[in-house]
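Remarks on the structure that follows.
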Amino acid sequence: MGSHRTASAHRNPGAGPDPGARRAGRHPHAGGTGRHRAAARPAGLGGTRPGSPEVTAGKRCARLDFRTEAGREHLDTLLAEADVVVHSLRPGALDRAGLGAERRSRLRPGLVDVALSAYGPAGPWAHRRGFDSVVQLTSGLAAEGARRAGTDGPSSLPVQALDHAAGWLLAAATLRGLAERHRGRGGTRVRTSLAGMARLLAGTPPATTAPELDPASVPEGPGTEHTDWGPARRVIPPFTVVGGARTTLRFARGAVKLGHDEPSWTATDIPSASGRG
């Protein structure tokens with residue numbers, strides 16, 4: 001599929017697993033298909049949190065303040081050369097900042113535009129903030145967990161399942177969008193929500209009980225990862241992708257803190273040769 005440029009605008013540094021994507025600050029992407037870059041996290045559109053070694057591995061992490069004229073011009077330049085934009089701000093936030101969907105598509109015809117929100121782009125809760133644990137409560141998943149566990153209080157899932165499920169779904173949608181553009185079918189807009197994922201998971205039949213996993217039984221990957229927090233060892237990926245070639249999830253670089261990199265595309269990030277229509 002070649003190499004593609006991915007710009008990210010969001011409040012939270014990560015919404016799900018990101019195996020092997022090369023970007024700055026945000027979207028999940030399956031590894032082994034090329035390099036990706038993201039470079040925009042708008043200041044003033046939500047709280048800032050330090051980057052986590054769990055969600056910035058393999059990414060370039062930069063900051064831009066597009067409240068300033070220079071920052072806006074810089075962001076426009078980056079978006080004009082981007083292949084993918086992934087954002088997890090509340091619906092309407094980018095519009096209020098003067099960077100709505102129509103303007104993004106004018107800046108970069110053929111853009112693959114991917115968005116995640118808490119409660120979706122429409123409805124009475126569309127503009128509410130939310131994250132995985134909150135949506136588990138408001139969607140009724142925690143109440144169902146309490147019923148199954150026989151407890152009085154809410155019982156959330158033991159993992160951030162909505163984040164992870166949405167992340168992998170959007171990763172697949174991003175790849176599909178790039179493939180469709182490569183076939184000459186123009187750009188793609190993809191929207192999903194944590195509440196939507198909760199609805200899908202709530203309709204899934206209960207899985208059979210599995211034995212408790214012993215964390216000590218999970219082997220570490222080979223070698224040491226150099227991160228902004230010091231040397232680290234990462235556990236092996238949970239699966240491999242088997243197709244024309246066997247693909248193992250990997251990271252081209254270690255985890256870094258937000259603001260580690262300059263907000264610019266690098267010489268190793270080559271723009272795609274097709275799909276600008």
Side-chain angles (χ1 to χ4, degrees), residues 8 10-21 26-31 33 52 54-55 84-93 101 112-180 188-213 215 218 237-243 247 249:
S8 301
H10 57 106
R11 182 178 63 84
N12 193 313
D18 187 345
R26 169 189 138 3
H27 86 288
H29 202 301
T33 59
S52 165
E54 296 179 1
V55 297
V84 180
V85 170
V86 190
H87 46 102
S88 58
L89 297 166
R90 286 179 293 166
V112 178
D113 195 309
V114 182
L116 172 68
S117 60
Y119 298 104
W125 282 27
H127 299 292
R128 290 197 179 195
R129 292 184 177 92
F131 50 90
D132 190 302
S133 300
V134 169
V135 177
Q136 286 194 42
L137 291 168
T138 58
S139 66
L141 281 182
E144 176 63 14
R147 186 189 69 80
R148 295 186 185 186
T151 59
D152 294 331
S155 179
S156 297
L157 297 171
V159 296
Q160 301 292 281
L162 306 185
D163 274 352
H164 283 262
W168 290 112
L169 180 65
L170 291 178
T174 299
L175 291 174
R176 177 65 178 269
L178 289 169
E180 291 295 295
T188 304
R189 291 183 188 175
V190 179
R191 303 289 181 269
T192 194
S193 66
L194 297 178
M197 297 309 306
R199 181 179 180 182
L200 287 175
L201 291 176
T204 302
T208 57
T209 302
E212 189 73 19
L213 175 67
V218 180
F239 60 84
T240 58
V241 179
V242 179
T247 302
L249 306 184

Legend entry - Qualifying residues under side-chain contact (heavy atoms from CB on, under 4.5 Å), relative to R128, sequence neighbours excluded: Y119, W125

Inset, instruction - Mind checking the CG-CG spacing from L175 to L170? Nearest 0.5 Å is all I need. - result: 11.0 Å

Legend entry - Minimum heavy-atom distance G153-A146, with the two atoms named: O-CB, 3.0 Å

Inset, instruction - List in chain and number order the residues that pass side-chain contact (heavy atoms from CB on, under 4.5 Å) with A161, two or more places apart in sequence or in another chain; answer none if no residue qualifies. - result: L157, V159, L201

Legend entry - Donor-acceptor under 3.5 Å (R90 side chain, H127 main chain): yes

Legend entry - For the student: nearest non-hydrogen atoms of L194 and G130, plus distance: CD1-O, 4.5 Å

Legend entry - Nearest heavy-atom neighbours spanning A149 and S155: CB-OG, 4.4 Å

Legend entry - Non-hydrogen atoms of V135 and A198 that approach each other most closely: CG1-CB, 4.5 Å

Inset, instruction - Mind jotting down which residue pairs meet the salt bridge (Lys or Arg N to Asp or Glu O under 4.0 Å) criterion with at least one end in residues 133-144? Sequence neighbours excluded, please. - result: E144-R147, E144-R148

Inset, instruction - For P121, enumerate each residue passing the side-chain contact (heavy atoms from CB on, under 4.5 Å) test, keeping only those at least two apart in sequence or located in another chain. - result: none

Inset, instruction - Would you please name every residue forming a side-chain contact (heavy atoms from CB on, under 4.5 Å) with A202, sequence neighbours left out? - result: L141

Inset, instruction - Looking only at non-hydrogen atoms, find the nearest pair between V190 and A173 and report the distance. - result: CG1-CB, 3.7 Å

Inset, instruction - Give every residue pair that meets the salt bridge (Lys or Arg N to Asp or Glu O under 4.0 Å) criterion with at least one member in residues 199-210, sequence neighbours excluded. - result: none

Legend entry - From V114, D113, L116, residue fulfilling side-chain contact (heavy atoms from CB on, under 4.5 Å) relative to H87: D113

